[in-house]
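In this text, all values refer to a predicted model and were calculated from it rather than measured experimentally. When reading the values below, keep in mind they use all heavy atoms of this one structure, side chains included, and skip hydrogens, waters and symmetry mates.
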Amino acid sequence: MPAERSDSDSRKLLRRLRDVLSTKAMGQDRLDQITHLIADSIGTEVCSIYLFRDAETLELCATEGLKKAAVHQTRMKLGEGLVGRVARTGLPVNTADAPSEKGFRFMPETGEELYSAFLGVPIQRVGEKLGVLVVQSKLARAYSEDDIYGLEVVAMVLAEMTELGAFSGEGGGGMGKLHKQPVLFRGASGQEGASEGRVWLHEPRVVVTNPVADDPLTEIDRIREAVGVLRVSVDDLLAAESLDKDQKAVLEAYRMFAHSRGWLRRMEEDISSGLSAEAAVEKEQSAARSRLSQVPDAYLRERLQDLDDLSNRLLRILTGQGKDTGAEMPENPVLIARNIGPAELLEYGRKLKGVVLEEGSVGSHAAIVARALMIPMVIHAERITNEALNGDAILVDGDQGIVHLRPEDTVARSFRDKIAMQAEAMQRYASLRDLPAMTKDGVKIGLHMNAGLMADLPSLVGSGAEGVGLFRTELQFLVRNYMPRREELAALYSRVIEAAKGLPVAFRTLDIGSDKVLPYLKPQDEPNPAMGWRAIRVGLDKPGVLRMQLQALIRASAGRPMAVMFPFVSEHAEFVEARAHVLRELHREKSLGHAVPSALEIGAMLETPSLAYAPDAFFEMADFISIGGNDLKQFFFAADRENERVRKRYDSLNASFLTFLQFVVARCAASGTKLSFCGEDAGRPVEALALAAIGLRNLSMRPASIGPVKALLRRVDLAEARAVIDRARSEGAETVRPALMEWLASVGE
Ligand code: PEP
Ligand code: MG
């Protein structure tokens, strides 16, 4: 390959490649023509294209120079041989003497023993690996930087052509069209349940239809103009007042990339070689992904994400494809996103049939919203945003954490059976609706439901819950983009009380902060928001909103009983102060002549270990205590509930945690304080059983869990369960789960 190949040679080659794309040839013919063109244009004896057959296997799909009989016969695993290495790392391999290179694998059927020099570059599109492009020659020589660069540009065009389906169709085993085949994603369960629907991308992909451009000058003008627009938009974002430290840091990184001369220069070079402005952006995006995905450092990987976001913005500016692409939301939409906040998810609301995230966490409030809305959710479905297209058929298995994208008919059929079986099970649970959650040995457990939206209330009757054990009032604040007014809230709370038809509702005052950010409140610049200025801390320091909310609650009660609880109380003094606000508002309402609650209970959520050790006076003062197991567990183990990696290390049935909860049960028993548990664990049958066994008599959970929890409680002897837990603990078990599961298996239906 002559080192002095000029830009115009490269442009000529790309144009010829584009011409191949515009012919009516079949996929295989096109691939053959392309290898011929590349070898001819750059003067090497061999040019071969290897494409992925499946996620792990590469196949020689076309060659100029190697034996034709090897086409569609020679295959290698990801990482195997030099071709496999290029595919695995996403980085070029360049060697003058391939046979002596570490990892070289000889493929006798190809006749490649004749060739010494080897240069392979990945064919990839925005981090999606499609294959490997290889040139080889007899002469033992290392290819120059220019050669590598030239071949990468060609590979980029091949990637775009593959994306456009240029090599699909019949004829000699051409590869299937991209994004058409079934793909299985194994993630983790975010919310149980199974559903079938159609993909709806939260941020749709940008489609590039013009990888090759004729006029580099026009393209350079386009990219410069687009980068100019991008810079202004990032500067505008940075100038916004309501930014917290993290948002600022991300935008600063954006600005750094947006103003990077190197980035623009590299894209201009790509354009000079014949790429369109859009393809140039994608080429640099792919290259950065390959380089940085090798980096173990989490900070640098985050920067990779920043560059990615920025490249997407630039592509949107260039193509004019905004977030709103004009596409119609399909029926039964399943939302696909990298991640999503609780407010955004609430905006979609119940119309979603499922949610699939690449990131996310079980403990996040987005997951809680999905739970509240009863939408099956899978998290950690890696790379699904690359693979899924709007409208694709999709099956979400929230129990197993599995997603089938574009499923085969047989898979879809058996999945439908699973959905039907679940519906049947729900019916069976419905038959328990009016029966008490009474264990075999006659202990009655009160099952209540968690809610947060008006739309949750119809489940109260259907589920057989004895009341609402936790009404998360912040959801009403999160769904608006303005602070709700007192009258609006009073009307809403009143409707909630009416819908509860005399059953008790425990309203929790506003719990914001951490991952619950109100769009209209200035976010705080905090290093660790979960342990920061949140929940009751905000309410006490800036009591305006708290008081307004308390007034709304008192008015809504209109002479009926009312229960209010405060989130995240860490010490007695906070409770005293918060309670004083209620009493003051009560007095004020009374003096204004408004009806006040016929009975008022004021409680606290126990979400930090410190409160378990509060003085007796606290337990005597609180009318009831509700254990917020999600937060409590995160602080007990010092394991972020939103960080899947650490969250999963500690089982909720950990013996120390249960011992601690038992201590809280004992303290409440000593003072006669009503106690319940309203974290997510209450809705998991085995966890619920353990909580009941250690003495909890009231559990609050999502409505769909009430049936399964009740069914389990009704078939066990609680004293026996307690004995199993005590025995496992005395034997030093870290978690009592295995012992409990083994015992349950022996109990039978
Ligand atoms: C909890 O922490 O367990 C709880 C119920 O509150 P939230 O999940 O809303 O923080
Ligand atoms: Mg909490």
Side-chain angles (χ1 to χ4, degrees), residues 445-446 448-450 466-474 493 503-511 534-541 543 546-547 549-550 553-554 557 560-587 596-633 635-636 660-679 681-682 691-692 694-701:
I445 308 296
H448 308 255
M449 69 173 242
N450 294 345
E466 294 172 35
V468 177
L470 163 67
F471 190 89
R472 289 184 165 99
T473 61
E474 61 277 6
Y493 299 150
L503 294 173
V505 180
F507 286 94
R508 173 175 79 179
T509 63
L510 192 58
D511 181 6
R534 55 175 285 200
I536 194 60
R537 299 171 183 177
V538 180
L540 295 179
D541 292 355
L546 176 67
R547 285 177 33 204
Q549 200 184 13
L550 292 172
L553 283 166
I554 294 168
S557 77
R560 294 170 286 197
M562 162 71 58
V564 181
M565 64 180 173
F566 298 105
F568 215 64
V569 176
S570 300
E571 57 176 19
H572 182 204
E574 285 173 346
F575 185 66
V576 172
E577 201 182 332
R579 188 170 173 275
H581 278 298
V582 185
L583 300 180
R584 200 172 310 133
E585 293 313 320
L586 201 61
H587 182 72
V596 293
S598 54
L600 177 62
E601 290 192 313
I602 308 174
M605 287 192 68
L606 193 150
E607 307 191 81
T608 59
S610 63
L611 198 63
Y613 301 93
D616 291 344
F618 162 70
F619 288 88
E620 279 150 20
M621 179 182 270
D623 293 318
F624 66 98
I625 289 175
S626 184
I627 298 177
N630 308 331
D631 275 311
L632 182 62
K633 193 177 154 205
F635 296 114
F636 187 77
F660 177 74
L661 293 177
Q662 231 170 293
F663 172 67
V664 177
V665 170
R667 288 216 66 186
C668 287
S671 56
T673 316
K674 283 198 286 188
L675 176 65
S676 68
F677 186 106
C678 67
D681 283 326
L691 292 171
I694 61 162
L696 279 143
R697 293 293 170 263
N698 284 292
L699 304 172
S700 191
M701 62 200 72

Do the non-hydrogen side-chain atoms of Cys668 and Ile625 ever get within less than 4.5 Å of each other?
-> yes
Test log, rule side chain to side chain contact (heavy atoms under 4.5 Å, CB included), inputs Phe575 and Ile602 | CA-CA 9 Å; Phe575 185 66; Ile602 308 174; 4.1 Å; yes
So, for Met701 and Ala682, which heavy atoms are closest and what is the spacing to 0.1 Å?
-> CE-O, 3.4 Å
If every non-hydrogen atom of Gly469 is compared with every non-hydrogen atom of His448, which pair is closest and at what distance?
-> N-CB, 3.7 Å
Under the side chain to side chain contact (heavy atoms under 4.5 Å, CB included) rule, what do Asn450 and Arg472 come out as? Steps first, then yes or no, please.
-> CA-CA 8 Å; Asn450 294 345; Arg472 289 184 165 99; 4.3 Å; yes
Phe660 and Phe636 aromatic ring geometry - parallel, tilted or perpendicular at 30°/60° bounds = tilted
Value rounded to 0.5 Å, distance of CZ in Arg697 from CG in Leu675 | 10.5 Å
Test item: Glu585 side-chain N/O and Ile554 main-chain N/O as donor-acceptor pair under 3.5 Å | no
Under a 4.5 Å cut-off applied to non-hydrogen side-chain atoms, are Glu607 and Asn630 in contact?
-> no
What one should report as the nearest heavy-atom pair of Leu699 and Leu696 is CD2-CB, 4.3 Å
dist Thr608:OG1 -> Phe635:CZ (nearest 0.5 Å) comes out at 8.0 Å
Any Asp631 side-chain heavy atom under 4.5 Å of Arg534 side chain | yes
Side-chain touch Leu470/Ser676, heavy atoms, less than 4.5 angstrom = no
Indicate yes or no for a side-chain donor-acceptor contact from Thr473 to the backbone of Arg508 under 3.5 Å, with no hydrogens or angles considered.
-> yes
Closest approach of Phe677 and Gly629, non-hydrogen atoms and distance?
-> CZ-CA, 3.6 Å
Going through the distances and angles, do Thr673 and Glu620 end up as a side chain to side chain contact (heavy atoms under 4.5 Å, CB included)?
-> CA-CA 7 Å; Thr673 316; Glu620 279 150 20; over 6 Å; no
Determine whether Ser570 and Ser610 make a side-chain contact, defined as any pair of heavy atoms from C-beta on separated by less than 4.5 Å.
-> yes
Separation between NE2 (His581) and CD1 (Ile536), nearest 0.5 Å, reads 7.5 Å
Correct closest heavy-atom pair for Phe663 and Ala612 would be CE2-O, 3.4 Å
Roughly how far apart are Asp511 CG and Phe566 CZ, rounded to 0.5 Å?
-> 12.5 Å
Spatial distance of atom CD (Gln549) from atom CZ (Phe507) [nearest 0.5 Å] | 9.5 Å
Can you see which heavy atom on Gly539 is nearest to which on Leu546, and at what distance?
-> O-CD2, 3.7 Å
CG of Leu661 to NZ of Lys633, rounded to nearest 0.5 Å, is 11.0 Å
Side chain proximity check, Cys678 to Ile627, heavy atoms < 4.5 angstrom = no
pair Thr509-Pro567: side-chain heavy atoms closer than 4.5 Å | yes
Validation row: Val505, Tyr493 side chains within 4.5 angstrom (heavy atoms) = no
With a 4.0 Å cut-off, would you call Asp623 and Lys674 a salt bridge?
-> no
